[in-house]
There are 2 protein chains.
Amino acid sequence: MDSTRRRADAADNRARIIRAARAVIANADEIKLNAIAKQAGVGQGTLYRHFPTREDLLAEVYREDVDALVAAAPALLAEHEPLTALARWFDRVADYAQVKRGVFAAVEVGVWRDLSAHSLGPIGDALTTLLDAGKADGTIRSDVDARDVILLIGYLTRLEEAEWDARARHLLHIVLDGLRRRE
Amino acid sequence: MDSTRRRADAADNRARIIRAARAVIANADEIKLNAIAKQAGVGQGTLYRHFPTREDLLAEVYREDVDALVAAAPALLAEHEPLTALARWFDRVADYAQVKRGVFAAVEVGVWRDLSAHSLGPIGDALTTLLDAGKADGTIRSDVDARDVILLIGYLTRLEEAEWDARARHLLHIVLDGLRRRE
DNA sequence: TGGCTAAGCGGACATGTGTCCGCTAGCGTG
DNA sequence: CACGCTAGCGGACACATGTCCGCTTAGCCA
């Protein structure tokens, strides 16, 4: 999977699949994997070898967005109190999740897989950073970890478009309250 | 759908499907709808006419369990302070969700459907009762409703078996904290 | 009781995901 | 440059969900 051997066509196919995926996602709102394979001009087997699950593919397609989300964490911490930073980060997640519903679901699954592989993954790391800062200054309860938070905000993927405005941020506040250390 | 006409065979088929579903669920852990149809001795079309989605079927199969959960709410309120009652009710939900993972997911979807039909459904009603009691005595924030809570505890369906003990109750406490009115 | 009518049946079909495996051809080697 | 090894290809296949529609037959009515 690194860069050894047969890279020429394999890497090329991989890139073509990602490009096709972006195209399909942009044009159709239905994301059918075999359609992506077809569009990319490769067999289904090829697609599935490069990206074993739907989530693997989407995670790769939106890697940049994820990176941006991750990078935001330390930046927010530099500017705000830990609790505020976490709240702001939540806001960004909400913004992103609203637009890219399916993607967020994919990211969630990805984070979960990372976790079960005893690694937090980029998003998990970002969250850990935020939580640790809050624990250090006593504003966040000490018995929560990144996985906990991922689970709690997972409702974002199950929210209906119509109720988004009414509930997304509101529930994020409630979660944040639950995470705060109670005086 | 009530009890008019052609009830004889239709109702019979419906009952047979439910029975077959219970049998399949008990024996195999894989729940394949066409297997249930086969076992019930009916066509797939028949199964899907009676239960348009997988969730409809499961919800019916576990109707009794759901009823028990619903009935527990007023009973708990009679014995405990509202906040405690809610906590206990959460415990029951957790117990149930742990054993019947898939079912809980089905129930969640069902509740959601009820909600979009402008009705809370039995579970929603139970939760509303609990929340209202807490709001009345000022222990629960006034800006939450049943749907909010359903969304928040939905993480239960996404928890891995292995992490259940470590997280299920713990997160329920955090949610409860978030629901409390902050002094 | 015999016929009519639509409620209800049931399985073929359409669609989507994910797997498997025989074939192809890129690359290192002599 | 010719050759062989194996990474990688790609599409046929297996399997699940859910839909559709022509046929059957229960129940009402004369």
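Naming convention: chains lettered A, B, ... in sequence-line order (proteins, then strands); numbering from 1 in each chain.
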| remark: Atom CG of D12(A) and atom P of dG26(C) are separated, to the nearest Å, by 12 Å
| Test side-chain hydrogen bond (donor to acceptor under 3.5 Å, both in side chains) applied to R167(A) - qualifying residues, sequence neighbours left out | E163(A), D145(B), D148(B)
| message | By nearest atom, which of the nucleotides dT17(D), dG8(D), dG16(C) is closest to the K32(A) side chain? | response | dG16(C)
| task | Under 4.0 Å between any heavy atoms, over every strand shown, what does I31(A) touch: base, sugar-phosphate, or nothing? Just pick one. | result | sugar-phosphate
| message | Categorize N13(A) for me: base, sugar-phosphate, or nothing, with a 4.0 angstrom heavy-atom threshold over every strand shown. | response | sugar-phosphate
| query | Atom CG of D9(A) to atom C1' of dT6(D): distance rounded to whole Å? | reply | 13 Å
| request: Report yes if at least one side-chain N or O of H50(A) is closer than 4.0 Å to OP1 or OP2 of dG8(D); otherwise report no. | output: no
| request: Report the distance from atom NZ of K38(B) to atom P of dT17(D), rounded to the nearest whole Å. | output: 14 Å
| said: Taking side chain to side chain donor-acceptor pair (under 3.5 Å) as the cut-off, I'd like each qualifying pair that reaches into residues 36-47 of chain B, sequence neighbours left out, listed once. | reply: none
Any N/O pairs under 3.5 Å between the protein and nucleotides 18-22 of chain C? List them or say none.
unit_1  : atom_1 : unit_2 : atom_2 : d
dG18(C) : O6     : Q44(A) : NE2    : 3.4

| query | In whole Å, what is the span from the CZ atom of R14(A) to the C1' atom of dC9(D)? | reply | 16 Å
| task | State, yes or no, whether a side-chain contact exists between Y48(B) and L33(B) at a heavy-atom distance under 4.5 Å. | result | yes
| task | For V70(A) and I123(A), work out which heavy atoms get closest and say how close. | result | CG2-N, 3.9 Å
| query | To the nearest angstrom, how far is L47(A) atom CG from dG16(C) atom C1'? | reply | 13 Å
| request: Provide, to the nearest angstrom, the distance between the CD atom belonging to Q39(B) and the P atom belonging to dG10(C). | output: 15 Å
| said: List the residues meeting side-chain hydrogen bond (donor to acceptor under 3.5 Å, both in side chains) with D177(B), not counting sequence neighbours, and say none if there are none. | reply: R141(A), R180(B)
Would you mind writing out the side-chain donor-acceptor pairs for residues 131-140 of chain B within the sub-3.5 Å range, not counting sequence neighbours?
unit_1  : atom_1 : unit_2  : atom_2 : d
K135(B) : NZ     : V144(B) : O      : 2.8
D137(B) : OD1    : T139(B) : N      : 3.2
D137(B) : OD1    : T139(B) : OG1    : 2.7
T139(B) : OG1    : G134(B) : O      : 3.4

| task | May I have the distance from N34(A) (atom CG) to dA14(C) (atom P), rounded to whole angstrom? | result | 16 Å
| remark: Across all chains, not counting sequence neighbours, the salt bridge (charged side-chain N to carboxylate O under 4.0 Å, His left out) partners of R63(A) are E60(A)
| remark: I36(B) atom CD1 is separated from dG18(D) atom C1', nearest whole Å, by 14 Å
